[in-house]
Amino acid sequence: MKLPVTYKIEDKDGKARAGVISTPHGEIETPVFMPVGTQATVKTMSKEELVDIGSEIILGNTYHLYLRPNDELIARLGGLHKFMNWDRPILTDSGGFQVFSLGSLRKIKEEGVYFSSHIDGSKHFISPEKSIQIQNNLGSDIAMLFDECPPGLSTREYIIPSIERTTRWAKRCVEAHQKKDSQGLFAIVQGGIYEDLRQKSLDELSKMDEYFSGYAIGGLAVGEPREDMYRILDYIVERCPEEKPRYLMGVGEPVDMLNAIESGIDMMDCVQPTRLARHGTVFTKDGRLVIKSERYKEDTKPLDEECNCYVCKNYSRAYIRHLIKVQEVLGLRLTSYHNLYFLIKLMKDAREAIKEKRFKEFKENFIKRYEGK
Ligand SMILES: CC1(C)O[C@@H]2[C@@H](CO[C@@]3(CNc4nc5cc6c(=O)[nH]c(N)nc6cc5[nH]4)OC(C)(C)O[C@@H]23)O1
Ligand SMILES: [Zn+2]
């Protein structure tokens, strides 16, 4: 079966890969960071600004867009790309995770998940079929399977039946997927922090491999210790199909991203860069900088003296600190713009390092400076 989303490896450096993903809305160079646009916008960023910072693909959320403005409304208006005037690739998460981390009073049954909206408490139900139907309505280039992401540090006794139900849900997603020619489907590997359960999840999903354009590693960045995440990545990523993209869900800290790329990850997303930005924390080559600190009150330097972004070329720490302190919207925009630029540039630099077979040295040098060692 011809898949609408395909991947080509250009270079390898150890397990790290540089490649290109082809989608119905264009190509994506990897490794890639995907800004999260939960409610059809990457918070405070215009489309033009996202293009300026070099964003190639953004994320949308099934759960949020189903609740507001509703996926059928978006479909009637021509789909999510047209609705938000974004003509590059979009990946949509399937809603399961958001129900667990946002919704309340949820009940998980074989048929699907019953939950109350975090907005007005109204009662809702999402099944694998419903999640795929919503993603079909949104018209994203990449849709995610409807899965259960077990709470961080769940026991084996909880995870084993959860994997088995998530596999049964995966089959139902594949059967329900109506846009097999224009929307790629990514599998999501679960299994908590247990190598053998990760293998079990991957083996069960691999039986449906012909339907999957890529494999995501779910169930991480949900509160487990960092070393457990690294151990699991080191085990499971290289066991995913070599010729398809690997996507680590929910990771957006520079050091974690470089470690993930070293284990063979190609795609990542996270709300952190924009969420931290809105609270005044920005990324710099010398680590995180909390702009509200007194020490920046009269600091005329840019956020990061080596950053070439529009914000660092035009505004000082003192000015941005003032804006954040008085909660001016422009402050949120400037810190968000810089944080997204920083991560997207980090991915581009990592890609060059892989092509030049110097990724390990690149990673170690970055981390040494970022962690101030
Ligand atoms: C639980 C909790 C507290 O984890 C938080 C916060 C919000 O999510 C994170 C990032 N982590 C994260 N892991 C994920 C796992 C899955 C998954 O297994 N399946 C599917 N379909 N989508 C996923 C999306 C994910 N995002 O965002 C920050 C804030 C980085 O920390 C995380 O909710
Ligand atoms: Zn900058």
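For clarity, every value in this text was computed on a predicted model and none was experimentally measured.
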_Whether over 12 other heavy atoms sit under 6.0 Å from Phe362 CZ_ = yes

*Lys348 NZ: over 12 foreign heavy atoms closer than 6.0 Å*: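 More than 12 within 6.0 Å, yes.
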
Could you tell me if [Y] and [X] have a donor-acceptor pair between their side chains, going purely by distance under 3.5 Å?
X: Gln178; Y: Asn136; value: no
X: Ser122; Y: Asp120; value: yes
X: Gln183; Y: His177; value: yes
X: Asn308; Y: Tyr341; value: no
X: Asp209; Y: Tyr215; value: yes

*I would like to know whether Gln190 and Ser162 meet side chain to side chain contact (heavy atoms under 4.5 Å, CB included); could you show each step before the answer?*
CA-CA 9 Å; Gln190 292 293 348; Ser162 169; over 6 Å; no

*If you measure from the Lys or Arg side-chain nitrogens to the Asp or Glu carboxylate oxygens, is any gap between Arg88 and Glu56 under 4.0 Å?*
no

_Phe359/Leu258 under side chain to side chain contact (heavy atoms under 4.5 Å, CB included): CA gap, chis, key distance, verdict_ = CA-CA 9 Å; Phe359 177 71; Leu258 294 179; 4.2 Å; yes

*asked:* Run His64 and His118 through ring pair (Phe, Tyr, Trp, His ring centres under 6.0 Å) and show every step you take.
replied: CA-CA 10 Å; His64 295 81; His118 72 292; 5.8 Å; yes

*Apart from Val329 itself, what residues make up its hydrophobic cluster, given side-chain heavy atom links below 4.5 Å?*
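Listed partners: none, Val329 stands alone.
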
*side chain to side chain contact (heavy atoms under 4.5 Å, CB included) with Ala75: which residues, sequence neighbours excluded?*
Asn137

*Six-ring centre of Tyr194, Arg156 cation under 6.0 angstrom, axis tolerance 45°*: yes

